[in-house]
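Below, read A as the first sequence line, B as the second, and so on, with proteins coming before strands; counting in each chain starts at 1.
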2 protein chains.
Amino acid sequence: MKRKITLKHIARELDVSISTVSKALKNSEEISRETKEKIQAFAKLYNYKPNNIAISLKNKRTKNIGVIIPDIVHHFFTTVFRGIEKYANDKGYNVIVCVSDESFDKEVINMEMLANGSIDGFIMALSAETQLKNDYNHLKQVTDQGIPLVLFDRVTDEVNCDKVIIDDQAAAHMAVSKMIADGRQRIALVTTEDYLNVSSKREEGYRKALEEHNLPVREELILRLPYQYEDEKLSEVFFATQEVDAVLCVNEIFAVRTIRFLEDNDLRVPSDVSVIGFTDGILSRLSNPTLSSVAQHGEEMGTIAAKMLIDKVESDIEEGEEEYRTEVVEATLIERESTRSS
Amino acid sequence: MKRKITLKHIARELDVSISTVSKALKNSEEISRETKEKIQAFAKLYNYKPNNIAISLKNKRTKNIGVIIPDIVHHFFTTVFRGIEKYANDKGYNVIVCVSDESFDKEVINMEMLANGSIDGFIMALSAETQLKNDYNHLKQVTDQGIPLVLFDRVTDEVNCDKVIIDDQAAAHMAVSKMIADGRQRIALVTTEDYLNVSSKREEGYRKALEEHNLPVREELILRLPYQYEDEKLSEVFFATQEVDAVLCVNEIFAVRTIRFLEDNDLRVPSDVSVIGFTDGILSRLSNPTLSSVAQHGEEMGTIAAKMLIDKVESDIEEGEEEYRTEVVEATLIERESTRSS
DNA sequence: GCAAAGCACGAAAACGGTTTCGTGTTAATA
DNA sequence: TATTAACACGAAACCGTTTTCGTGCTTTGC
């Protein structure tokens, strides 16, 4: 086993000082050509690589960024992460991921673990519980220490920092308007029961689109479901009312399950009922029928978030004007088989 | 902005030495009760947290583990990662993820980036390109340095280290045997064209099961597809031969697309054709019909891999007997709508 | 009353680098 | 020949901890 070699080893072996070795390996003008060549050759031979930890301690820069997301087995977060990872890696940064599991406590613990020198900045999406508690002290503590922070998707106005979001309201508005244009009249909304920022924005967009087209907003057509639900739940809307001709779902899974439920109850998609979901993931592309879906462009969001963060990290202004930006990524409606004009 | 406070600050402020502060905060017996209380109170007040980087440098342990996977937007890898992350976090470790994107070069670069002190050990699944090139020098270099390494799923015999795999051959064997027991006779295999270790193991299991049940292995029933393929490709088997009554697919996506293709060509699943896939992910559970699938228990694999790695990292024996283990996680066949006896 | 112990704390090295500021030697200049 | 500049390198501080080894002072024991 060849242990890692250090500057000290090289210095001892070649009978020069540590500083000389350091400078030689950086090709400093201070060192004579022959000494440099000797040292560089030796370093190459023994495959010398500087110790990252030592460098981090010296420059107070780790070249690591911390990413905290509620869930990793989730298509949207995964695509955002890919965007972050790619951009960061290109810039020479590594990414440390922590999963909050939608829990406030885990989010706090993870942030504290990383905030003590392990990372240069954070990118995160708030956990559901954090949004419910409305407690953002852990975030403020981090920003107070001068650690850059970028929030994406699940954001809050309570914290001053860079953000990247999609305009959920506009996206839902677009989807509903599309259905109305296709001749749909009784449009249901299937959303989550917990009060996530994104869900409520989508609901707003849904309501606004109906109102703008002079259609009544029927509360009985809005169904709020937990993440784990029984199919019978769906019957409240689709059986009791029996007149739905279109459904907007706030995620892919709800959409696919809705389609399946409809077809099991002899309603055809899209001829009888038109369906649109959010999160243009693998399910949308491969379900049967394929699902029209609002693409959130997760990878792009990730790239933007990473760029914003790294720009902040590498800017020397430290904390000048405190100018924070919010980037809005435009959502796109991908039309597939689950929507056709009636 | 309150900058991070250090031992030195506390020492200066309280007019004691740095060593005294350090010991006091560790509740050392050496320090008098009153001094300890004073220092601890001060530290609490200013929210002192020791700098991770400095500690890492001192004990040559980062409490970080590096995970390198070919793709993050992939259900199986994602579940494995979740298992790793959970276990590691419980043990006080953070996880740095790098994505090799199935590229040999990226894999090498990522390993080198992390191997210079950033992590205490690696968990990885080999990239497709690495398996093709059959070049594992980057792995050997890492293990030669005494850095623990655990391979999962995509492994190789060329490297001596801990491994965790599923018995792909047995899993495929089980799936095919099940179909035969259900009365299927002409069973097709849809697999990848690149020579991944896992695919070939599954093919072996497929062949073996047929042979053991005295069914002929027809090469024309084995279809090798690229990751991105056109549906027409499928017709080679299913139209040309026209007699398939069951299909084993080496992943979920191939399975779902196969089902869709069959149904578009007026073959009913499962009555006419029975289908089983690998990777029991979201697609299997939500496709229509739901897909019978070989569950690889990714999260369990992740947990095991993390445990193996951390045990190695924390064992002091350094490099004693060089005893490496290979854990085999048993696959399970989850039966759903796409298989029913004919 | 003096040596030995015990107590409470500090100095300094170490981890592995970077960087500033000398300093001794040689060569060029007045 | 004496002064100076350039050159090539080394000493040492520093980043923030931990830890070993003193050391001065008080207390105990005889």
Side-chain angles (χ1 to χ4, degrees), chain A residues 2-40 42-43 46-64 113-120 145-146, chain B residues 3-40 42-43 46-64 113-120 145-147:
Chain A
K2 327 169 225 171
R3 270 254 146 270
K4 281 254 107 190
I5 191 175
T6 70
L7 288 187
K8 195 192 284 189
H9 294 137
I10 302 182
R12 222 188 325 253
E13 212 66 31
L14 263 40
D15 210 47
V16 290
S17 77
I18 293 179
S19 5
T20 304
V21 178
S22 177
K23 289 169 190 161
L25 293 176
K26 299 189 109 57
N27 238 316
S28 160
E29 292 300 323
E30 250 180 285
I31 308 299
S32 73
R33 162 169 284 279
E34 50 178 353
T35 308
K36 277 198 286 194
E37 279 171 357
K38 185 178 64 176
I39 291 175
Q40 288 171 1
F42 188 92
Y46 286 93
N47 193 32
Y48 169 80
K49 295 278 163 51
N51 180 309
N52 285 332
I53 299 292
I55 294 180
S56 294
L57 183 59
K58 186 93 242 276
N59 341 295
K60 297 159 149 291
R61 292 282 228 63
T62 61
K63 286 264 179 180
N64 285 156
M113 261 189 96
L114 296 181
N116 302 120
S118 300
I119 50 91
D120 295 339
Q145 282 175 34
Chain B
R3 268 256 146 265
K4 281 256 109 189
I5 191 175
T6 70
L7 289 186
K8 194 191 283 189
H9 294 136
I10 302 184
R12 223 192 319 258
E13 212 66 31
L14 263 39
D15 211 46
V16 291
S17 77
I18 293 179
S19 4
T20 303
V21 178
S22 176
K23 289 169 191 161
L25 292 176
K26 299 191 109 55
N27 238 317
S28 159
E29 292 301 320
E30 249 180 287
I31 308 298
S32 73
R33 165 167 282 280
E34 52 177 353
T35 307
K36 277 198 288 194
E37 280 172 357
K38 184 180 64 175
I39 292 176
Q40 288 172 1
F42 189 92
Y46 287 94
N47 193 31
Y48 169 79
K49 294 279 163 51
N51 180 308
N52 285 331
I53 299 293
I55 293 180
S56 294
L57 182 58
K58 187 94 243 283
N59 357 270
K60 294 161 150 290
R61 293 281 227 63
T62 61
K63 286 262 179 183
N64 286 156
M113 263 190 94
L114 295 181
N116 301 120
S118 300
I119 50 92
D120 295 338
Q145 282 176 35
I147 301 177

Do the side-chain N and O atoms of A:Ser22 and A:Ser19 include a donor-acceptor pair separated by under 3.5 angstrom?
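No - no donor-acceptor pair under 3.5 Å links their side chains.
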If I take atom [atom1] in residue [X] and atom [atom2] in nucleotide [N], what distance separates them, rounded to the nearest angstrom?
| X | N | atom1 | atom2 | value |
| --- | --- | --- | --- | --- |
| B:Asn52 | D:dT18 | CG | C1' | 15 Å |
| A:Leu25 | C:dG16 | CG | P | 16 Å |
| A:His9 | C:dA14 | NE2 | P | 13 Å |
| A:Arg33 | D:dC7 | CZ | P | 15 Å |
| A:Asn51 | D:dC15 | CG | P | 18 Å |
| A:Glu29 | D:dA8 | CD | P | 10 Å |
| A:Ile53 | C:dG17 | CD1 | C1' | 12 Å |
| B:Arg12 | D:dT17 | CZ | P | 13 Å |

Indicate whether OP1 or OP2 belonging to C:dG16 is found under 4.0 Å from a side-chain N or O atom of A:Lys4.
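No, because none of the side-chain N or O atoms of A:Lys4 sits under 4.0 Å from OP1 or OP2 of C:dG16.
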Output yes when at least one side-chain N/O atom of A:Lys8 is less than 4.0 Å from OP1 or OP2 of C:dC15, else no.
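For C:dC15, OP1 or OP2 has a side-chain N or O of A:Lys8 closer than 4.0 Å.
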Scoring nucleotides 18-24 of chain C by protein non-hydrogen atoms under 4.0 Å (B base, S sugar-phosphate only, - none) yields BBBB---
Using a cut-off of 4.0 Å on non-hydrogen atoms, how would the nucleic acid contact of A:Ser56 be classed: base, sugar-phosphate, or nothing?
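It contacts nothing in the nucleic acid.
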Would you name the heavy atoms of B:Ala24 and B:Ile31 that are closest together and state the gap between them?
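Looking at all heavy atoms of both residues, the shortest contact is N-CG1, 4.1 Å.
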Nearest heavy-atom pair of A:Ser32 and A:Thr35: which atoms, and what distance?
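Of all heavy-atom pairs spanning A:Ser32 and A:Thr35, the closest is OG-OG1, 2.8 Å.
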List in chain and number order the residues that pass side-chain contact (heavy atoms from CB on, under 4.5 Å) with A:Leu25, two or more places apart in sequence or in another chain; answer none if no residue qualifies.
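In terms of side-chain contact (heavy atoms from CB on, under 4.5 Å), with neighbours along the sequence ignored, A:Leu25 is linked to A:Leu7, A:Val21, A:Ile39, A:Gln40, A:Ala43, A:Tyr48.
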A:Asp120: side-chain contact (heavy atoms from CB on, under 4.5 Å) partners, not counting sequence neighbours
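With neighbours one apart ignored, the set is A:Arg61, A:Thr62, A:Tyr93, A:Val313.
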Using a 3.5 Å cut-off and no angle test, enumerate the donor-acceptor pairs between side-chain atoms of residues 9-16 of chain A and protein atoms at least two apart in sequence or in another chain.
| unit_1 | atom_1 | unit_2 | atom_2 | d |
| --- | --- | --- | --- | --- |
| A:His9 | ND1 | A:Thr6 | N | 3.0 |
| A:His9 | ND1 | A:Thr6 | OG1 | 3.3 |

B:Lys36 or B:Lys60, whichever maps to the more 5' nucleotide of DNA chain C
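Whichever sits nearer the 5' end wins; that is B:Lys36.
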Closest-nucleotide mapping onto DNA chain C: is B:Ser17 or A:Lys49 further toward the 5' terminus? I mean the 5' end.
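Nearest nucleotide further toward 5': that of B:Ser17.
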Distance, nearest 0.5 Å, that separates NZ of A:Lys4 from CG of B:Asn116:
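Rounded to the nearest 0.5 Å, the NZ-CG separation comes to 4.5 Å.
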Sort and list the pairs that fulfil salt bridge (Lys or Arg N to Asp or Glu O under 4.0 Å) and have at least one residue in residues 29-40 of chain A, not counting sequence neighbours.
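Pairs touching residues 29-40 of chain A that pass the test: A:Lys23-A:Glu30, A:Arg33-A:Glu37.
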If an axis is fit to five pairs at each end of the helix from C:dG1-D:dC30 to C:dA30-D:dT1, what is the angle between the two, to the nearest 10°?
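That helix has its two terminal axes inclined by roughly 70°.
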Is the backbone of A:Met113 close enough, under 3.5 Å, to the side chain of B:Asn52 for a donor and an acceptor to pair up by distance?
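Checking the backbone N and O of A:Met113 against the side chain of B:Asn52, a donor-acceptor pair under 3.5 Å is found.
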